[in-house]
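Below is one structure, written out as structure tokens, with a few remarks after it.
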Amino acid sequence: GVEAEGGRVGGGGHAAAFSFYPGKNLGALGDGGAVTTNDPELAESVRRLRNYGAQVKYQHERVGANSRLDELQAAFLDVKLPHLDRWNARRAEIAEQYSHALASLGLTLPWVAPEAEPVWHLYVVRHPERDRVRAALTSAGIETSVHYPRNPGDQVAYAHLPIDRTRLPVAGSLPHELLSLPMSPVMTDDQVTLVIRALQAVLR
Ligand SMILES: *Cc1c(COP(=O)(O)O)cnc(C)c1O
């Protein structure tokens, strides 16, 4: 649904990948994803990769994975897809309310690129005392998240990589400052106001 540089993402490049993880703007009821491309050869290649590297059953031309989109998930997505633009518009409305009301509270608000029309999967703010802000919201009954509490380079899985952390001061501070505010197309105006009031109360 994102508009950027005059078109929707997914159609501009050689290929694009989408996640239908349940929490996404277009979420299945289980895991799922899709790749879009205008290149028939690449499309064929992706079809094979998701199916054990086989185009014809039991003939494996390359090593692949079991990553087919389950038919039931596809059916759920088919039902939800016509509502996506409306849901994204509601997310944009909520983001607008947040951006307007939270402008001068010492939070770093999301930056929107010129000519981009984001669809607000998350609404992520930054604050040097994130944990204090988060605790106040929790006390007010408002759930928040942190995306993400640890940088990829600080994961055990990448411990073998020679990463010079002194050269990544911004990335280093982000896990301690990021806070994802409630964002969902089913939020009511009253709920948005509740979040805003709670943030005003803790930051003013
Ligand atoms: C959703 C999401 C992922 C994970 O997507 P999968 O469908 O689980 O592969 C990774 N990174 C970001 C930023 C995401 O929003």
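Worth knowing before you read on, the calculation uses all heavy atoms, side chains too, and leaves out hydrogens, waters and symmetry mates. We count ligands from 1, going down the list as the structure has it; atoms in each ligand are counted the same way.
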Short N/O distance, under 3.5 Å, between Y21 and ligand 1?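 In this structure, Y21 places no N or O atom under 3.5 Å from an N or O of ligand 1.
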
Assigning hydrophobic clusters by single linkage (Ile, Leu, Val, Met, Phe, Trp, Tyr; side-chain heavy-atom cutoff under 4.5 Å), is I142 placed with L203?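 Yes, because I142 and L203 connect within a single hydrophobic cluster, where side-chain heavy atoms sit under 4.5 Å apart.
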
Applying a 4.0 Å heavy-atom criterion (strictly less than), which segment of H147 is in contact with ligand 1: side chain, backbone, both, or neither? neither

Part of F18 within contact of ligand 1 (heavy atoms, under 4.0 Å): neither

Who passes salt bridge (Lys or Arg N to Asp or Glu O under 4.0 Å) against R132, sequence neighbours left out?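 Partners of R132 by the salt bridge (Lys or Arg N to Asp or Glu O under 4.0 Å) criterion, ordered by chain and then number, come out as E129.
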
Can you run down the ring pair (Phe, Tyr, Trp, His ring centres under 6.0 Å) pairs that involve residues 68-107, sequence neighbours left out, and say none if there aren't any? H83-W87, Y98-Y123

Hey, is F20 one of the residues with a heavy atom under 4.0 angstrom from ligand 1? no

Within a radius of less than 6.0 Å around CZ of R86, do more than 12 heavy atoms belonging to other residues, nucleotides or ligands occur? yes

Is atom 6 (P) of ligand 1 less than 4.0 angstrom from at least one protein heavy atom?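 Flag for atom 6 (P) of ligand 1 set to true, protein heavy atom closer than 4.0 Å.
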
Tell me, which protein residue and heavy-atom name are nearest atom 10 (C) of ligand 1, and how many Å apart are they?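 The answer is Y148 OH, 4.2 Å.
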
Where is the nearest protein heavy atom to atom 9 (O) of ligand 1: which residue, which atom, and how far?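 The closest one turns out to be S19 OG, 4.7 Å.
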
Does a side-chain N-to-carboxylate-O contact under 4.0 Å join R130 and E177? no

Subset of ligand 1 atoms that lie under 4.0 Å from at least one heavy atom of K24: 1 (C), 2 (C), 3 (C), 14 (C), 15 (O)

Under a 3.5 Å cutoff, is there a donor and acceptor pairing between the side chains of R90 and S184?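 No.
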
